[in-house]
K.L.:
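Here it is, the structure, as structure tokens.
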Amino acid sequence: MNPEKRKAWWRESRFGMFIHWGIYSLLGKGEWVMYIDRIPVKDYEKLAEEFNPVRFSADEWVKIAKDAGMKYIVITSKHHDGFSMFKTEVSSFNIVDGTPYGRDIMAELSKACEREGIKLCFYYSHVREWRHPHAQSIEVLEPGLCGNFGNFWDYRDERSKNLQIYLDEFVKPQLKELLTNYGPIGIIWFDTPSLIRPEQAQEVVELVRELQPECLINSRVCDNESVDYDYLSLGDCEIPGIPASMDWETPMTICSWWGYNTQPDNKYRSPVEIIRQLVDIASLGGNYLLNVGPDPAGVIPEEAQALLKIMGEWMKINGDAIYGTKGSPFEKQPSWGRITWKDKYLYLHIYEWQKRISLFGLKNTVKRCRLLLAPDCNILFKQTNDEAFGFSRLEIDLPEIEPDPYCTVLVAEIDGTPDIDQTMIQDDSGIIRLPALQASLHRESEDSSVKISRSGAISDWFYTEDWVSWEFIVTKPGDYDIYLFVKSGRGRQKWDYGHEAEIKINNRKLTCTIDEDIKDRTSDIPLKIFAGRISYDTALRDKAELRALKINRRNLKGLQLLSLEIIPADK
Ligand code: FHN
């Protein structure tokens with residue numbers, strides 16, 4: 001089947017529910033409890049005898065997802081603990097044969113999803129498993145550092161493990177069951193590929209394709225581009241700084257854990273955080289897969305339900321600005337929020353409500369503007385063209401209404417699909433932010449590897465011959481401070497510091513040292529490095545050139561630059 005056709009429903013959806021549920025929920029310590037507490041298989045198996053989720057209701061779960069605005073559900077059919085949450089002939093360690101509950105929740109969910117028009121998808125851990133003696137899970141964490149995430153307490157001899165046996169005797173027969181017994185499945189969501197070889201993963205992919213050609217497969221089936229998956233799963237909870245090179249999705253926790261957790265350090269996210277995460281992701285063209293971890297009785301925790309209710313209320317009004325949209329056509333994010341678009345509509349997601357917002361570089365004519373929250377409210381706007389520098393500016397006066405507490409969406413109807421001039425222009429805040437994404441990279445070293453990474457940083461910058469530059473327009477003369485924003489490492493991560501940089505800007509040369517600000521950082525908040533003050537006497541088109549005079553690369557991190565910022569001296 002044509003992959004574009006296969007992906008159409010998923011692209012349209014933008015928002016799904018992830019569910020981590022298994023017998024581990026009985027212990028209230030997350031889905032990794034078996035590994036963290038090194039529980040022997042024979043003891044862990046006893047948990048199944050206690051699993052009796054009498055309050056489980058497929059209809060209720062599907063209703064919660066649907067009311068939140070979610071269009072698909074990805075549920076753990078088998079996580080790393082090896083317990084199957086569906087009826088399987090491969091092992092009696094499953095919800096039907098191994099628990100007092102004895103019901104196949106996947107069969108019930110499949111019916112409920114079908115009734116409500118929600119796509120049912122299965123998470124499946126195909127390499128990492130702590131019960132099967134042949135499952136292998138050794139990861140290369142950093143060059144020279146390996147982590148064993150398999151069961152090394154019951155099955156100590158790694159050399160006797162043979163992943164192929166596990167794939168052939170366990171994984172493939174189970175995938176056959178999952179793709180035969182529960183109707184059409186939206187995605188098989190593979191996880192933790194570890195050391196699976198591309199040809200082994202491709203066989204798994206082919207099995208899925210043969211059984212259900214319309215079913216999607218995520219990239220965690222194997223970390224190798226030769227394998228024929230449909231879309232990229234980003235890192236857990238990863239919100240990138242730039243759009244990925246193909247369709248992508250971020251799996252996100254709603255609290256500190258995936259599986260049910262009653263520990264005191266478990267914290268829920270706030271409504272503003274999850275709503276803006278969804279918007280941030282949609283504005284970069286991705287899908288948001290938000291997780292909940294039901295309790296052992298089968299109930300989605302109240303805190304999660306309350307958050308999803310708020311999300312649903314927001315989606316009811318603003319869903320148009322999310323479903324079926326594409327990422328922002330502007331390379332630079334506006335200072336007041338985010339942008340998505342579809343057809344002839346630009347959706348301006350306003351995070352910071354203010355009297356007036358501006359948008360630079362839109363070449364289309366705006367026909368009308370309206371708020372999704374208050375469609376009848378008259379919105380005044382003005383489009384002008386700057387004669388001197390030739391850029392367009394759209395100014396929108398925001399009415400004096402009570403804005404949405406999380407994100408207010410304004411729709412600008414334009415004459416066709418967006419046509420954008422990406423030139424960087426000083427915006428109303430006065431700040432000129434020159435992001436990595438819009439830098440020109442000058443690779444002048446023979447060994448150059450410098451690139452823009454997914455997090456939106458200039459990275460793999462190891463050689464002083466390489467340099468970067470930006471062109472931009474200053475509209476307001478005045479004094480400005482020049483800062484570099486540089487990525488830093490947190491906690492145990494070994495990072496490289498002590499680089500030296502030179503910035504050529506407005507016919508001046510500024511130098512600065514990029515050094516650790518505090519020892520033992522607990523967050524990865526970027527370093528803000530002051531490079532000097534400059535003064536613009538007139539509005540002008542200028543160029544900033546950044547060279548590295550010295551780069552330390554002992555920990556293979558090098559210099560990782562997020563942006564160069566020109567900030568009014570009085571800010
Ligand atoms: O180890 C798992 C984890 O428990 C959880 O299932 C997440 C969800 O993306 N995936 C793995 C770690 O990446």
Side-chain angles (χ1 to χ4, degrees), residues 10 15-39 44 47 70 72-86 121-132 135-142 146-152 166 171 178 186-196 201 216-223 229-240 244 248-261 263 265-266 269 274 277 281 286-294 300 304 454:
W10 179 89
F15 185 28
M17 177 183 265
F18 210 178
I19 303 179
H20 275 67
W21 197 41
I23 55 174
Y24 43 77
S25 63
L26 284 161
L27 301 177
K29 287 164 95 179
E31 76 288 357
W32 268 70
V33 60
M34 180 177 178
Y35 179 91
I36 293 170
D37 291 351
R38 311 282 192 262
I39 305 178
Y44 191 81
L47 271 183
M70 294 154 153
Y72 58 109
I73 290 178
V74 182
I75 179 165
T76 46
S77 61
K78 182 189 72 76
H79 203 264
H80 312 330
D81 64 349
F83 183 76
S84 302
M85 291 293 283
F86 60 102
C121 314
F122 291 134
Y123 167 107
Y124 191 89
S125 182
H126 64 311
V127 179
R128 180 178 295 163
E129 210 207 90
W130 303 316
R131 185 166 174 272
H132 198 288
Q136 279 174 325
S137 193
I138 293 187
E139 252 94 287
V140 180
L141 300 174
E142 279 187 45
C146 279
N148 188 340
F149 296 112
N151 183 341
F152 52 80
Y166 173 57
V171 173
L178 287 169
I187 311 167
I188 295 285
W189 208 99
F190 292 104
D191 201 8
T192 52
S194 191
L195 298 182
I196 192 170
L216 298 179
I217 296 169
N218 66 333
S219 62
R220 291 196 190 175
V221 68
C222 182
D223 281 333
Y229 49 74
D230 292 294
Y231 71 84
L232 272 184
S233 283
L234 262 49
D236 290 343
C237 309
E238 178 185 354
I239 301 201
W248 61 278
E249 172 185 72
T250 288
M252 180 64 66
T253 54
I254 204 164
C255 55
S256 321
W257 293 79
W258 302 95
Y260 183 62
N261 194 295
Q263 305 306 299
D265 61 349
N266 186 30
R269 296 185 193 276
I274 57 170
Q277 281 180 340
I281 286 173
N287 277 24
Y288 184 57
L289 185 62
L290 182 61
N291 181 75
V292 295
I300 295 177
R454 213 156 70 185

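Counting starts at 1 for both ligands and their atoms, following the listed order.
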K.L.:
Quick one: OG on Ser125 to CZ on Phe190, what's the gap to the nearest 0.5 Å?
P.N.:
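Ser125 atom OG to Phe190 atom CZ measures 10.5 Å (nearest 0.5 Å).
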K.L.:
Tell me, which pairs form a side chain to side chain donor-acceptor pair (under 3.5 Å) where one or both residues lie in residues 23-34, sequence neighbours left out?
P.N.:
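Only Lys29-Asp37 qualify under side chain to side chain donor-acceptor pair (under 3.5 Å).
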K.L.:
How about Asn287 and Tyr231: does a side-chain donor come under 3.5 Å of a side-chain acceptor?
P.N.:
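Absent: no donor and acceptor within the cut-off.
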K.L.:
Salt bridge between Glu249 and Arg220, side-chain N to carboxylate O under 4.0 Å?
P.N.:
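Between Arg220 and Glu249 there is no salt bridge, as every charged N stays at least 4.0 Å from the carboxylate O atoms.
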K.L.:
For Ser194 and Glu139, does a side-chain donor sit closer than 3.5 Å to a side-chain acceptor?
P.N.:
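Yes, because at least one side-chain N or O of Ser194 sits under 3.5 Å from a partner of the opposite role on Glu139.
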K.L.:
Taking the six-membered ring for Trp, are Trp130 and Tyr44 ring centroids under 6.0 Å apart?
P.N.:
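No, the ring centres sit 6.0 Å or more apart.
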K.L.:
Write 'none' if nothing qualifies; otherwise put on separate lines each N/O atom of ligand 1 with a protein N/O atom under 3.5 Å away and their distance to 0.1 Å.
P.N.:
| unit_1 | atom_1 | unit_2 | atom_2 | d |
| --- | --- | --- | --- | --- |
| ligand 1 | 1 (O) | Trp32 | NE1 | 2.9 |
| ligand 1 | 1 (O) | His80 | NE2 | 2.7 |
| ligand 1 | 4 (O) | Glu31 | OE2 | 2.5 |
| ligand 1 | 4 (O) | Trp32 | NE1 | 3.0 |
| ligand 1 | 4 (O) | His79 | NE2 | 3.2 |
| ligand 1 | 6 (O) | His20 | NE2 | 2.6 |
| ligand 1 | 6 (O) | His79 | NE2 | 2.8 |
| ligand 1 | 6 (O) | Asp191 | OD2 | 3.4 |
| ligand 1 | 9 (O) | Arg220 | NH1 | 3.1 |
| ligand 1 | 9 (O) | Asp236 | OD1 | 2.7 |
| ligand 1 | 10 (N) | Asp191 | OD1 | 3.3 |
| ligand 1 | 10 (N) | Asp191 | OD2 | 2.5 |
| ligand 1 | 13 (O) | Arg220 | NH1 | 3.3 |
| ligand 1 | 13 (O) | Asp236 | OD2 | 2.6 |

